[in-house]
Amino acid sequence: MTELSIEPGARAWVEVDLDALRANFQVIRATASPTRGVLPMVKAEAYGLGAERVVRALEPLEPWGYGVATVEEGATLRAAGVPRPILVVAPMPPGAEPRAAEAGLTPSLSTVAAVERWAAAARAAGRRLDFHVEVDTGMGRAGFDWRDADEWGRAVAQRAGDDVAWTGVFTHFHSADEERLELREGAGAEIGGTTLEQAERLRQAVAGLPVARDRLLVHAANSAGALGWPELALDLVRPGIFLYGGTVPGAPEPAQVAQVRARVALVRDVPPGATTGYGATYSAPVRSRWATLGIGYGDGLPRALGNRGVALVRGRRVPIRGRISMDMIVVDVTRVPDVEEGDVATLVGSDGDARIPLDEVAERANTISYEILTGLGRRLERIQASGAGGTT
Ligand SMILES: *Cc1c(COP(=O)(O)O)cnc(C)c1O
């Protein structure tokens, strides 16, 4: 258990280990060594861990810039004093341009009309602003089609004019993680095909543009791309999940960044046949000791963990019994000696030698680590725990 000063009455919280975060950043940079640097993705509050906190922790490592999904996220970081480029990777709805211009953000644009709107917003703001162009090489949710780059390339370069500067081109891999899984399972020679093909499509698109290659930042790799295909790192890599402790298949384990704790609020001895939770889906086969923890789906603990999840109490693994309630869960502590009300239980992370990895929780909940982290609720205070969580 960590030596943090947590309020004795605190019910549940998330510990964020910023040293671990920095260690994961260094692994990405050393493995991929992109020519211009790392663009950490801090969208969705840095995957639920706190964007400003994460940015402050990464600043000394001098990332090239930061990636967000929305204009509001970017404007908030700018207002917090971030001086570096802030790339908005998702297309912004028409009408968001003035706010993005005011904050000096770098949008990613997917249509000629969007370039025109951005140029108009820059002119109105009286400043020359950058933009990157997204190329759709198979993700199919944004971007110009890779096949006719000579066509849209000319139109984009022409519309950019003097008002805005076209400084980057990027694409997004759809299967960089899955292919590594297949690779480990020895699925054959075609492995890596789609990622390599997407990279080749991007290369062809860039070659067809009327802008010199060395005037554009070209980027493609997310965490799985940066670690699994370092040869595709190009100018920038855009890691997210690995920074925050999510496993990337085929890559070394990341250091553990987030730990989710909840206090034992109640301990009770129950007779055989006692039931717990909505639907009474679990009944005690024998006389048992149950502990009620102050955390539930209202805090982002997936409801799918009902009768499937585990927790750590006093350094031991215990099963979650019954359905997850909004504000509470019940765990079976029959075999854990001396459990007391006020003890700290762990839902994600380590307690002594015992550990519940983030990806195990995701698997048990039939989802991905991203959804677990971004789902952690506002009710859980994020507590900075540099060094406390340790590495794996
Ligand atoms: C979220 C995102 C990333 C980061 O992906 P991870 O799998 O979390 O590393 C990279 N690029 C884009 C465009 C994204 O939206």
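Both ligands and their constituent atoms are indexed starting at 1 by order of listing. Fair warning: this is a prediction, and the values are worked out from it, not measured in the lab. As a basis for the values below, the full set of heavy atoms in this structure was taken, side chains included, without hydrogen atoms, waters or symmetry mates.
Sequence neighbours left out, the pairs with a member in residues 221-237 that pass salt bridge (Lys or Arg N to Asp or Glu O under 4.0 Å) are Arg213-Asp235.
Using a 4.0 Å heavy-atom criterion, the residues that approach ligand 1 are Met41, Lys43, Tyr47, Val89, Arg141, His172, Asn222, Ser223, Arg238, Pro239, Gly240, Ile241, Tyr370.
Among residues two or more places apart in sequence or in another chain, the salt bridge (Lys or Arg N to Asp or Glu O under 4.0 Å) test is passed with Arg203 by Glu200. Not counting sequence neighbours, Arg323 has no partner by the salt bridge (Lys or Arg N to Asp or Glu O under 4.0 Å) test.
Relative ring orientation between Trp166 and Phe131 is described as parallel, the plane-to-plane angle staying below 30° on a 0-90° scale split at 30° and 60°.
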Checklist entry - Would Arg78 and Glu102 satisfy salt bridge (charged side-chain N to carboxylate O under 4.0 Å, His left out), going step by step from the backbone distance to the final call? => result CA-CA 10 Å; Arg78 191 62 89 209; Glu102 183 195 335; over 6 Å; no

Item to check | Verdict with supporting geometry, Glu45 and Arg382, salt bridge (charged side-chain N to carboxylate O under 4.0 Å, His left out) | outcome: CA-CA 11 Å; Glu45 280 298 331; Arg382 272 59 165 178; over 6 Å; no

